[in-house]
*Asks:* 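Handing you a structure now.
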Protein chains: 2
Amino acid sequence: MDFIFSNKISSLQPSAIREILKATSIPGIIPLAAGNPAPEAFPVDEVREITKQILENQPIDALQYGVSEGYQPLRNTISTWMKSKENIGKDFDNVIIMSGATQVMDLATKVLCNEGDTVICEEPSFIGSLNTFRSYGCRLVGVPVEADGMDVSLLEKALKENPNTKFIYTIPNFQNPSGATMSLEKRKRIYALAKEYGVVILEDNPYGDLRVAGESLPTIKSIDDEGIVIYAGSFSKILSPGMRVAYCIAHKDIIAKMTVGKQATDVHTPCLNQMVVYQWFKQYDVEAHIKKIQGIYRKKLELMCDCIDKELGDFVTYVRPEGGLFVWCKLPDDVNMLEFVQRAIDKKVAVVPGNAFLVDDTKQTQYIRLNFSTPTDDGIINGVRALGQVAKEYKK
Amino acid sequence: MDFIFSNKISSLQPSAIREILKATSIPGIIPLAAGNPAPEAFPVDEVREITKQILENQPIDALQYGVSEGYQPLRNTISTWMKSKENIGKDFDNVIIMSGATQVMDLATKVLCNEGDTVICEEPSFIGSLNTFRSYGCRLVGVPVEADGMDVSLLEKALKENPNTKFIYTIPNFQNPSGATMSLEKRKRIYALAKEYGVVILEDNPYGDLRVAGESLPTIKSIDDEGIVIYAGSFSKILSPGMRVAYCIAHKDIIAKMTVGKQATDVHTPCLNQMVVYQWFKQYDVEAHIKKIQGIYRKKLELMCDCIDKELGDFVTYVRPEGGLFVWCKLPDDVNMLEFVQRAIDKKVAVVPGNAFLVDDTKQTQYIRLNFSTPTDDGIINGVRALGQVAKEYKK
């Protein structure tokens with residue numbers, strides 16, 4: 001039988017890029033294309049001890065159905081933590097536990113967008129979120145990212161030209177893939193524009209705690225007096241991505257609709273997983289853990305930048321990120337980027353071709369994304385060295 | 001700010017029924033309205049031991065990102081198990097791990113339906129699935145359930161009248177809420193009709209292993225030579241609902257699209273949770289466990305039916321189910337069903353008013369749904385006795 005699929009899913013066609021991305025799972029390849037947290041950053045002993053306690057003391061709570069809003073003690077913990085740490089959470093806000101931050105994007109889109117509605121996003125932006133928006137039949141409008149975040153005048157132009165815009169999607173800290181961090185000035189201007197045009201901001205902050213240099217900036221949500229910012233936080237990068245526990249803080253009217261949506265999509269996030277996160281906060285010093293993993297990522301980021309400077313210094317240009325997991329490198333204008341990526345794969349190094357992160361991924365770009373959290377230190381050294389060898393081929 | 005929500009989510013309004021359902025969480029109420037598995041049916045010791053092993057031997061596999069299709073050893077285990085147990089799985093089929101069976105309904109709808117497309121369902125049917133279909137803007141067309149399953153001639157009429165039908169949703173075993181099990185004859189006729197009209201069947205089998213009387217019947221998927229049946233299986237009722245692990249077996253073209261959808265909704269089901277299920281199969285006798293919990297549910301079902309016969313025998317009528325979790329009781333025609341339910345709540349017993357399970361829940365019905373898995377034995381005895389007292393008020 002030839003199945004007829006929905007328009008929204010049919011638009012998510014496998015692309016040439018995905019074929020290249022498949023190469024990232026070739027055995028023995030150096031994974032500079034991935035985005036996995038460093039395994040040495042997982043608090044394995046703590047999770048083991050906590051899980052044991054929960055299954056000894058509260059096994060039925062862990063195994064029985066839970067509620068769609070999430071495990072109440074964890075919701076309380078997150079409220080308190082985000083209030084003290086980020087000044088997030090007004091009287092009109094509420095918190096819901098999600099099965100990973102992608103579910104925040106999923107339910108925000110489901111709740112706010114009809115098919116054909118516009119989502120304004122940074123360009124380049126995280127391919128996973130772009131696909132989530134596409135999977136609801138949304139139209140994407142990209143606004144270029146500068147070194148200090150979204151181009152605000154082009155954002156205003158996009159808002160003017162697209163009156164059916166429902167929300168602006170942004171990753172203000174160590175944006176994926178550009179690594180750019182949005183300045184405080186721009187955070188305020190974007191918030192003011194959202195207010196003016198009556199649209200919501202979807203603020204995705206998965207990497208905020210992975211700052212390895214510079215000063216923390218206030219989240220957009222912290223200046224949200226109107227309840228128009230949906231904030232997505234995650235434990236994937238500071239605790240474990242495999243656990244699939246994240247959270248959303250937003251106006252209670254939005255959370256109420258997202259709860260209805262969550263009930264209809266996966267009922268609730270697994271109880272044991274939520275209880276592990278709660279007990280982790282209760283029994284351990286989460287901020288000390290975050291400091292520790294910042295040390296891990298600082299070392300890896302510095303190693304990668306040093307390697308790039310040494311092996312690719314006269315070939316690529318990049319802005320050194322202050323955190324996150326990625327370095328966004330621009331190849332010389334006369335180099336065919338996709339061919340470069342293919343040559344890297346031939347040398348057993350996987351990187352992501354930059355057009356994967358574009359609204360229209362058939363468009364041309366000179367960028368590639370390198371990840372430093374997944375590979376070992378040797379992987380970083382050997383991987384970037386191999387890229388340097390590919391670069392030499394172009395200099396002949 | 002007054003938010004404007006999407007049409008599909010706005011249609012999921014809180015209803016009068018939900019207000020009544022809220023009563024089910026009143027402290028001290030006897031929960032005959034719930035649908036939780038009996039806690040004594042959870043293999044707590046096994047889960048505790050397995051989890052400990054996994055976090056000792058494979059902590060990074062448990063905590064790192066996984067793939068959207070699911071943990072490969074578990075996918076293999078399910079393929080083998082379903083082939084030997086249910087004769088499910090042709091060459092064209094594939095399996096994907098889901099975060100609970102609701103996600104199968106969610107992604108099947110997302111993949112197959114545009115807004116306004118028709119889903120044909122049994123009526124009454126599981127409110128959770130109906131809401132999932134509604135959350136994609138689908139039109140629901142109900143086909144009455146008889147004691148041996150869907151009314152086939154009315155199904156054919158519905159297929160004729162609704163050419164934009166994308167799938168037929170059915171729970172063939174111990175249907176929720178009616179308790180009805182579809183005869184083999186009807187399974188074959190419904191499959192033939194689906195083939196004739198070029199629609200898919202979404203076969204939801206959460207209760208199949210909870211058979212306490214009679215003979216097992218073949219699943220519709222087992223007679224699927226064309227690859228038009230999407231089969232949803234779950235570990236919620238035999239292992240743990242709080243773990244949120246389920247699976248879908250369907251034609252590989254459908255699974256490929258569902259995988260793209262899953263990537264965009266929650267990336268993957270938590271790794272630890274999948275590994276627990278895999279190790280449970282590897283290290284324990286799952287079929288023996290199923291036999292054991294069938295004993296638990298047989299006792300509770302018999303107790304509830306005995307109590308109904310004793311306390312409500314001359315008031316309600318019902319067909320004794322051969323399994324599942326529910327007894328579907330019809331009140332006398334001259335009784336106001338919603339008032340009866342409210343009076344039960346006043347006596348601290350929660351039951352579900354039958355119209356919750358209708359396509360149009362403002363329609364009238366004389367049915368209520370009683371659950372025997374959540375309450376203790378005393379809860380069953382005292383709960384049904386209280387319902388008997390409410391009934392007496394009507395007989396005065």
Side-chain angles (χ1 to χ4, degrees), chain A residues 1 3 5-9 12 36-37 39 42 44 47-48 51-52 55-56 59-66 99-100 102-103 106 110-115 128 131-132 134-135 198 200 226-228 240-244 251 253-254 257 260-261 263-273, chain B residues 1 3 5-9 12 36-37 39 42 44 47-48 51-52 55-56 59-66 99-100 102-103 106 110-115 128 131-132 134-135 198 200 226-228 240-244 251 253-254 257 260-261 263-273:
Chain A
M1 179 166 168
F3 301 103
F5 296 106
S6 66
N7 300 334
K8 48 194 180 292
I9 283 291
L12 286 174
N36 290 1
F42 297 151
V44 170
V47 171
R48 190 186 291 131
T51 307
K52 187 175 155 230
L55 289 175
E56 267 165 18
I60 303 304
D61 292 342
L63 298 181
Q64 189 55 281
Y65 276 117
S99 306
T102 295
Q103 195 172 58
D106 182 73
K110 186 162 194 170
V111 155
L112 293 173
C113 296
N114 294 316
E115 283 188 34
N131 279 339
T132 300
R134 289 177 180 127
S135 81
V200 166
E226 320 279 319
I228 59 171
S240 149
M243 299 285 280
R244 311 305 302 131
H251 191 288
D253 295 351
I254 295 177
K257 292 292 182 187
V260 170
Q263 173 84 37
T265 184
D266 70 354
V267 188
H268 65 85
T269 297
C271 303
L272 174 63
N273 307 41
Chain B
M1 179 167 168
F3 300 104
F5 295 107
S6 66
N7 299 334
K8 48 193 180 292
I9 283 291
L12 286 175
N36 290 0
F42 296 152
V44 170
V47 171
R48 189 185 291 131
T51 308
K52 187 176 154 229
L55 289 175
E56 268 166 17
I60 302 305
D61 292 342
L63 298 181
Q64 189 54 280
Y65 276 117
S99 305
T102 295
Q103 195 173 57
D106 182 73
K110 186 161 194 169
V111 155
L112 294 174
C113 296
N114 293 316
E115 282 188 36
N131 279 338
T132 301
R134 289 177 181 126
S135 81
V200 165
E226 320 279 317
I228 60 171
S240 150
M243 299 285 279
R244 312 305 302 131
H251 191 286
D253 294 351
I254 295 177
K257 292 291 182 187
V260 170
Q263 174 84 36
T265 183
D266 70 355
V267 189
H268 66 82
T269 297
C271 303
L272 174 63
N273 308 40

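No experiment lies behind these values; they were computed from the predicted model shown. In what follows, chains carry the letters A, B, and so on, assigned in the order in which the sequence lines appear, proteins first and then strands, with residues in each chain numbered from 1.
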*Asks:* Measuring heavy-atom distances to chain A, does Gln103(B) have an atom under 4.5 Å in its side chain, in its backbone, in both, or in neither?
*Replies:*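 Both parts, backbone and side chain.
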
*Asks:* Is it the side chain or the backbone of His268(B) that comes within 4.5 Å of chain A heavy atoms, both, or neither?
*Replies:*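 Both parts, backbone and side chain.
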
*Asks:* Taking all heavy atoms of Phe3(A) and all of Asp253(B), pick out the closest pair and write down the distance.
*Replies:*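 In terms of heavy atoms, the two residues are closest at CD1-CB, 4.0 Å.
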
*Asks:* With chain B as the partner, which of Gly100(A), Pro59(A), Ser135(A), Ser99(A) has the greatest number of non-hydrogen pairs under 4.5 Å?
*Replies:*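 Winner by heavy-atom pair count: Ser135(A).
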
*Asks:* Does any backbone or side-chain atom of Gln64(B) lie under 4.5 Å from a heavy atom of chain A? Answer side chain, backbone, both or neither.
*Replies:*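 Contact with chain A involves both backbone and side-chain atoms of Gln64(B).
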
*Asks:* May I ask you to decide if Ala264(A)'s main-chain N or O and Thr102(B)'s side chain share a donor-acceptor pair within less than 3.5 Å?
*Replies:*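 Here the side-chain-to-backbone pair does not exist.
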
*Asks:* Quick one: which of Gly261(A), Gly227(A), Pro39(A), Ala62(A) has the most heavy-atom pairs under 4.5 Å with chain B, could you say?
*Replies:*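 When all of Gly261(A), Gly227(A), Pro39(A), Ala62(A) are compared, Pro39(A) has the most.
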
*Asks:* Do you know which of Ile228(A), Val44(A), Val111(A), Val267(A) has the most heavy-atom pairs under 4.5 Å to chain B?
*Replies:*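 Greatest number of close heavy-atom pairs with chain B: Val111(A).
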
*Asks:* State, yes or no, whether a side-chain contact exists between Ile9(A) and Leu112(B) at a heavy-atom distance under 4.5 Å.
*Replies:*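 Answer no - side chains too far apart.
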
*Asks:* Quick one: of His251(B), Glu226(B), Gln263(B), who has the most non-hydrogen atom pairs under 4.5 Å with chain A?
*Replies:*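 Most heavy-atom pairs within the cutoff with chain A belong to His251(B).
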
*Asks:* As an exercise, state the distance from NZ of Lys110(B) to CG of Leu12(A), rounded to the nearest 0.5 Å.
*Replies:*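 Reported to 0.5 Å precision, the distance equals 8.0 Å.
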
*Asks:* Just verifying a value: how many Å separate Arg244(B) CZ and Leu272(A) CG, rounded to the nearest 0.5 Å?
*Replies:*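 Arg244(B) CZ to Leu272(A) CG: 13.5 Å, rounded to 0.5 Å.
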
*Asks:* Give, as side chain, backbone, both or neither, the part of Phe42(B) having an atom under 4.5 angstrom from any heavy atom of chain A.
*Replies:*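 Only the side chain of Phe42(B) comes within 4.5 Å of chain A.
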
*Asks:* Flag the one option from Leu63(B), Ile60(B), Thr132(B) with the top tally of heavy-atom pairs under 4.5 Å to chain A.
*Replies:*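 Greatest number of close heavy-atom pairs with chain A: Leu63(B).
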
*Asks:* Among Val200(A), Thr269(A), Ile254(A), Asp61(A), single out the residue with the greatest number of heavy-atom pairs under 4.5 Å to chain B.
*Replies:*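 Answer, by heavy-atom pair count under 4.5 Å with chain B: Ile254(A).
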
*Asks:* Where does Tyr65(B) contact chain A at under 4.5 Å (heavy atoms): side chain, backbone, both or neither?
*Replies:*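 The answer is both parts of Tyr65(B).
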
*Asks:* Could you work out, with side chain to side chain donor-acceptor pair (under 3.5 Å) as the rule, every residue matching Asn273(A), not counting sequence neighbours?
*Replies:*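 Once residues adjacent in sequence are excluded, the partners of Asn273(A) under the side chain to side chain donor-acceptor pair (under 3.5 Å) criterion are Asn273(B).
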
*Asks:* With a 4.5 Å cut-off on side-chain heavy atoms, are Val47(A) and Leu55(B) touching?
*Replies:*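 They are in side-chain contact.
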
*Asks:* Output yes when a side-chain donor or acceptor of Ser6(B) lies under 3.5 Å from a complementary backbone atom of Asn114(A), and no otherwise.
*Replies:*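 Checked: no pair found.
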
*Asks:* How would you list, by chain and number, every residue that makes a side chain to side chain donor-acceptor pair (under 3.5 Å) with Ser240(A), sequence neighbours excluded?
*Replies:*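 In terms of side chain to side chain donor-acceptor pair (under 3.5 Å), with neighbours along the sequence ignored, Ser240(A) is linked to no residue.
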
*Asks:* Rounded to the nearest 0.5 Å, what's the gap from OG1 on Thr265(A) to CG on Asn131(B)? Could you check?
*Replies:*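 The OG1 atom of Thr265(A) sits 12.5 Å away from the CG atom of Asn131(B).
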
*Asks:* Can you check whether Thr51(A)'s main-chain N or O pairs, donor with acceptor, with Lys52(B)'s side chain at less than 3.5 Å?
*Replies:*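 Such a contact is absent between Lys52(B) side chain and Thr51(A) backbone.
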
